[in-house]
Amino acid sequence: MKKVTLGALVGVVGFLAFVELTSGFIQGYYTPMLSNIARHLDVHDADVNWLEGSQLMLSALVVPALAKLGDMAGHKRILLWSTAVTAFATLALPFTESFALFLAAWTLQGVYVVWLPLEIALIWSRSHSMENRSLVTARAAGILVAALELGAITGALLGGQLIDTLPIMTVLFVPGVLVTICFFVILFGVKESPDQLGGRLDLVGLSLISLAILAFTGGLSLLRLNGAGDPAAWGVALLGLLLVIPFARWELRHPDPLIDVRLFRSPALAPVFLTAALFGMSVLGAQAPLSTFLRTDPEVYGYGIGTTGFVTSLAIGFYLISMVIGALLYPRVARLLTPRLALVIAASMVGVGYLMFVPFHATYLQMVINIMIAGLGSGALVAALPAAAASAAPATQTGVATGLTNSTKTIGGAVASAIFGFALMHGVSGGAEGGTAGSFSGYLTVWLVCSISAFVAAAALLFIVPKNAFQDRPVEKVES
């Protein structure tokens, strides 16, 4: 058998690293200018959370479906089509003048979240004849994640600089050009995976879970618009939760389900999925409120920091750098203690970081310190949760388990975005009459929810997960 070296895959990994650089750029670029986007579209700062929430919801829907299609029809093919869709949506953003059209294009742009799972699957497929296949794939994945974080830092810094000097339509055009280049990099630089499994996509399961997610988030949207006293809004949200039942029953009967719901019965995996969902509330749902709070003028509203776009991007950069440090430190902490205790410490750091926002939010330095504490724990969780799921899963279900950590994290972030949008829109305290900034009480709600959810995740990992769950071997077989 051919001896494995990373050089054997250096070409494809190099091209895919550019794809992840683009993915990170998209994720970091818009954050410093969210207040500018709100002003451009003439909407409230709280409405920015619906941009984030809608994109996260689409992500939760498309990741399992497109990842499955990649196995069936070819990972490069689906990667290429998803990049084309992302390019179209990204290029449409500068030309949308209404919030509804901007929201539609922004939501469609969220298809890019499937890039990393498809890339790792492609590398795994192409290394099928090599020794130490798992090691090669893990090292390649590390390069891709590093490229993603580098892209996020670059995007945040460049976005913050450009929004202070150029018209917003020009600034919004930049990511579309980069994604278009990314399309041709994939088209000419990446070879297709050698094996396609064929088969049929579980369209019934996809339809059921789509209806459930859309109904639940639609109910949350109605709560934001009509208030907590609207019984119809609560009814729609409850309907979304109830629709999970027929979806689960269908998946249990299906020979090739879209999502293997049996994994949620595992005593080791269930707390990991819970942790991912709770963690998603802060790592995905709280970014927009952090940006808009930094941009809010304290002389007008009585709270906020009043930073420029570039200074805001520096704070985002500190957060991303601390995430990289946390990701790199996690393996060492896990070796010194145990993987489970290392996860508990990481989740607790997220909780402490967001809790510190409640008393300490008056200066830029306080905000950055809080962000970096939360970022250290967040980076460790981003790196560790997929590995924890793989170690705790049955040997034949590692791929499915790691994919579900991403999906549950995305759903947690989307639900949090909807809740945060409601909190920031209502209960405005202080500030100018008719202002567009989010409410101060809403920001307190955001920070407390992120903190409490992180501490709950830490408790779940500490008291529920079996002590030997993450020992790089499968736990007991999940019942079929």
Side-chain angles (χ1 to χ4, degrees), residues 13-37 52 55 86 90 109-110 112-113 115-116 119 140-166 171-172 174-179 181-182 185 279 282-295 305 307-330 346 349-350 353 364-365 367-384 409 413:
V13 172
F15 288 118
L16 294 179
F18 180 81
V19 179
E20 280 311 299
L21 186 76
T22 304
S23 173
F25 187 90
I26 293 174
Q27 295 177 51
Y29 184 77
Y30 298 103
T31 305
M33 63 186 74
L34 291 175
S35 291
N36 301 80
I37 292 173
E52 191 174 60
Q55 194 174 93
T86 303
T90 307
Q109 185 193 52
Y112 74 84
V113 297
W115 291 353
L116 184 59
E119 290 159 9
I143 294 173
L144 298 182
V145 172
L148 186 151
E149 297 295 344
L150 177 61
I153 295 171
T154 304
L157 294 176
L158 182 61
Q161 181 66 43
L162 293 180
I163 198 61
D164 289 338
T165 57
L166 296 175
V171 176
L172 291 175
V174 173
V177 176
L178 188 60
V179 178
I181 296 173
C182 188
V185 167
F279 172 53
S282 61
V283 76
L284 298 178
Q287 303 314 302
L290 283 174
S291 174
T292 55
F293 186 86
L294 285 167
R295 297 297 304 274
I305 307 299
T307 58
T308 63
F310 179 68
V311 176
T312 302
S313 70
L314 289 177
I316 304 302
F318 286 128
Y319 174 71
L320 294 171
I321 290 171
S322 67
M323 287 187 66
V324 173
I325 295 172
L328 295 175
L329 287 178
Y330 171 78
M349 290 189 69
V350 175
Y364 183 78
L365 180 60
M367 295 289 291
V368 169
I369 291 174
N370 300 343
I371 287 172
M372 293 193 70
I373 292 173
L376 287 170
S378 297
L381 289 173
V382 167
K409 181 176 69 176

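Scored by the side-chain hydrogen bond (donor to acceptor under 3.5 Å, both in side chains) test, Tyr30 finds Gln109 as partners (sequence neighbours excluded). For Asn36, the side chain to side chain contact (heavy atoms under 4.5 Å, CB included) partners are Met33, Ile163, Ile168, Arg295, not counting sequence neighbours. For Tyr29, the ring pair (Phe, Tyr, Trp, His ring centres under 6.0 Å) partners are Phe25, not counting sequence neighbours. For Leu166, the side chain to side chain contact (heavy atoms under 4.5 Å, CB included) criterion is met by Leu162, Thr170, Val171, not counting sequence neighbours. Residues that satisfy the ring pair (Phe, Tyr, Trp, His ring centres under 6.0 Å) test with Tyr319, not counting sequence neighbours, are absent from this structure. For Thr307, the side-chain hydrogen bond (donor to acceptor under 3.5 Å, both in side chains) partners at least two apart in sequence or on another chain are Thr312. The side-chain hydrogen bond (donor to acceptor under 3.5 Å, both in side chains) check on Gln161 picks up nothing, with sequence neighbours excluded. With sequence neighbours excluded, no residue forms a side-chain hydrogen bond (donor to acceptor under 3.5 Å, both in side chains) with Ser378. Among residues two or more places apart in sequence or in another chain, the side chain to side chain contact (heavy atoms under 4.5 Å, CB included) test is passed with Ala346 by Ala380, Leu381.
Summarising the geometry, atom CG belonging to Leu172 is positioned 5.5 Å from atom CD1 belonging to Ile37; distances are rounded to the nearest 0.5 Å. Between the CG atom in Leu294 and the CE atom in Met367 there is a gap of 4.5 Å [rounded to 0.5 Å]. Distance check: Ile26 CD1 to Cys182 SG gives 8.0 Å after rounding to the nearest 0.5 Å.
Contact record, Val350 with Ser282: CG1-OG, 3.7 Å, taken as the closest heavy-atom pair. Between Gly375 and Ser322 the shortest heavy-atom distance is CA-OG, 3.3 Å. Across every non-hydrogen atom of Ala315 and Ile371, the tightest pair is O-CG2, 4.2 Å.
Contacts classified as side-chain hydrogen bond (donor to acceptor under 3.5 Å, both in side chains) and involving residues 17-26 (residues at least two apart or in different chains) are given here: Ser23-Gln27.
Atom CZ of Phe18 sits in a crowded spot, with more than 12 heavy atoms from other residues, nucleotides or ligands closer than 6.0 Å.
Using a 4.5 Å cut-off on side-chain heavy atoms (C-beta onward), Trp115 and Thr86 make contact.
Side chain of Tyr364 to main chain of Val311: a donor-acceptor pair is present (N/O by atom type, distance under 3.5 Å, no hydrogens or angles).
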Please table the atom pairs, donor to acceptor, closer than 3.5 Å between any side-chain atom in residues 151-158 and protein atoms at least two apart or in another chain.
| residue | atom | partner | partner atom | Å |
| --- | --- | --- | --- | --- |
| Thr154 | OG1 | Leu150 | O | 2.8 |

